[in-house]
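Naming convention: chains lettered A, B, ... in sequence-line order (proteins, then strands); numbering from 1 in each chain. Quantities reported herein were computed from a predicted structural model and do not represent experimental measurements.
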2 protein chains.
Amino acid sequence: MTTKTYGQYCGVARALELVGERWALLIVRDLLVGPKRYTDLRAGLPKIPTNVLATRLKELESAGLVERRVQPRPSGAVVYELTPYGLDLESVVLALGRWGARSLGELRPGEIATPDSLVMALRSTYHPPKRGTGKLAYELRFGDIVIHATCSGQTLTVEPGPFPEPAPSGMVVVEAMASLTPLLTGAIDGAKARASGIVGKQASAADLDLFATVFRIE
Amino acid sequence: MTTKTYGQYCGVARALELVGERWALLIVRDLLVGPKRYTDLRAGLPKIPTNVLATRLKELESAGLVERRVQPRPSGAVVYELTPYGLDLESVVLALGRWGARSLGELRPGEIATPDSLVMALRSTYHPPKRGTGKLAYELRFGDIVIHATCSGQTLTVEPGPFPEPAPSGMVVVEAMASLTPLLTGAIDGAKARASGIVGKQASAADLDLFATVFRIE
DNA sequence: CTGGATCCACACAGATACTG
DNA sequence: CAGTATCTGTGTGGATCCAG
């Protein structure tokens, strides 16, 4: 958001004036996963110049999308959190991520994945299973990055990190092999990932198929 | 799309590298209404510098979102048209427009509305009527700007300009008074617009109510 | 007239160093 | 930890000019 406007009385133009600048929607993407500290945002966006991050946060705050909160002592930590209006950007970020994931090829040199970006990617590909699958629990692993998801019906939760103990029984562990692409594009299959069961369940190819049905593009 | 990347293997980041630069999504917005010539795009985006428009079009073309076509003689006109991948940005533009429309206040000085922006705004607020309303036809007028829409069930068409002759019977004319805001935000009522029937129908407040139900935010 | 290209001034992004 | 300060380069805005 700058002094420069598009001069159009239009929702799209107004939205771009609020979140159209470089890095803004990526900051929102990470905040959609949960409130974060300044340092956490830097960790999730390693290539953002620190002055740009500071500027964006001020702009998003004065636009009413982000709230800067100082935690009570003793922590005294500064936390950035989306306001309700900021949270409503989820549909935008998900639509954008769905569209952009289609042109994700292989990992390019210097390119990284982050837990938060994976969380939003998974949220963007969710298709509620038709019926009778009950509650599903997945733990996704790619290298050091681990996220977990549970879903039943319309309700989906995806969060960074492994399941807190005790892990839900019936949880299926999905490990992406060699490439994240299939996970982000929904083109997952046995050659690209494997499912291993934990906690009283033996995972099978059928589990991976179900996963690929629930999380897919379009 | 520049040489600058976000360095993230993420659909959102990739999307922003493709259409995240200034003016890009507004060009896409106008092209979603239909193929356009260079001059038409300039007319719809009066404040875009001509070199920026030319640059964006090249970028969008090399990204595979836009196709530049030269019409056969005698016209020989240059036309820019969205590719299928570019057309898939409609969900993104609609989501962005819905979100941004909520912070549209009154028309600001120097701000204009265009037929294309109104067309996309109306598309973004469509809620298919539950049942039994049959086919609805509206002609919307605000100052010089006229667009028309028909809808029945899931199918919606909104296009710039008045209905071609002969106008559909039962068409309702909705005239925004003094302000476009209610049209774009769905907060329309009798104080802000009026419905007048044409072609064998006498429009009533009920017609305006139905309109406000079919086209509204969230 | 359409469909741009060229030029310049400047605001903003990127990179790095520094600070309460 | 949470930023600020400073410098540099590039993208953007604005105006003008040009070829078919």
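A/K47 has its NZ atom 7 Å from the P atom of C/dA15, to the nearest Å. Here the P atom of nucleotide D/dT12 and the OH atom of A/Y6 are 9 Å apart, to the nearest Å. Rounded to whole angstrom, the span from the CD1 atom of B/I48 across to the P atom of C/dG3 amounts to 15 Å. One interatomic measurement links the two molecules: CG of B/L53 to C1' of D/dG13, which rounds to 14 Å at whole-angstrom precision. Rounded to an integer number of Å, the gap from CG of B/L41 to P of C/dG4 is 10 Å. Taking atom OH of B/Y38 as the reference point, atom C1' of C/dT2 lies 10 Å away to the nearest angstrom. Atoms CG (B/L45) and P (D/dG14) sit 14 Å apart, rounded to a whole Å. The interatomic distance linking A/L26 (CG) with C/dG14 (P) rounds to 11 Å, in whole Å.
Just one residue in the list A/L41, A/L53, A/L45 forms a side chain to side chain contact (heavy atoms under 4.5 Å, CB included) with A/W23, and that residue is A/L45.
With hydrogens and angles ignored, the 3.5 Å screen pairs a side-chain donor or acceptor of A/Y85 with a backbone N or O of B/W99.
For a distance-only test at 3.5 Å, the side chain of A/N51 qualifies as a donor-acceptor partner of the base of D/dT6.
Nearest to the side chain of A/P49, among C/dG14, D/dG14, D/dG11, sits C/dG14.
Mapped onto DNA chain C by nearest heavy atom, A/W23 and B/A54 fall at different nucleotides, with B/A54 at the one closer to the 5' end. Nucleotides of DNA chain D nearest to A/T39 and B/V52 differ in position, and the one nearer the 5' end is that of A/T39.
The aromatic rings of A/F215 and A/Y138 sit perpendicular to each other, their planes meeting at more than 60°, with 30° as the lower class boundary.
In this model, the phosphate group of D/dG14 is approached by a side-chain N or O of A/K4 to a distance below 4.0 Å at OP1 or OP2. In this structure, A/R37 reaches the D/dA2 phosphate: one of its side-chain N or O atoms is under 4.0 Å from OP1 or OP2. Within the structure, every side-chain polar atom (N or O) of B/R42 is placed at least 4.0 Å from both OP1 and OP2 of C/dG4. OP1 or OP2 of D/dG3 has at least one side-chain nitrogen or oxygen of A/Y80 nearer than 4.0 Å. Phosphate contact (OP1/OP2 of C/dA5, side-chain N/O of B/K58, threshold under 4.0 Å): present. At C/dA11, none of the side-chain N or O atoms of B/R22 fall inside 4.0 Å of OP1 or OP2 (strictly under the cut-off).
Nucleic acid contact for A/T50: base, since at least one base atom lies under 4.0 Å from a heavy atom of the residue.
A salt bridge links B/R141 with B/E139: the closest approach of a Lys/Arg side-chain nitrogen to an acidic carboxylate oxygen falls below 4.0 angstrom. Salt-bridge annotation for A/K4 and A/E17: absent, with no side-chain N of the basic residue lying under 4.0 Å from a carboxylate O of the acidic one.
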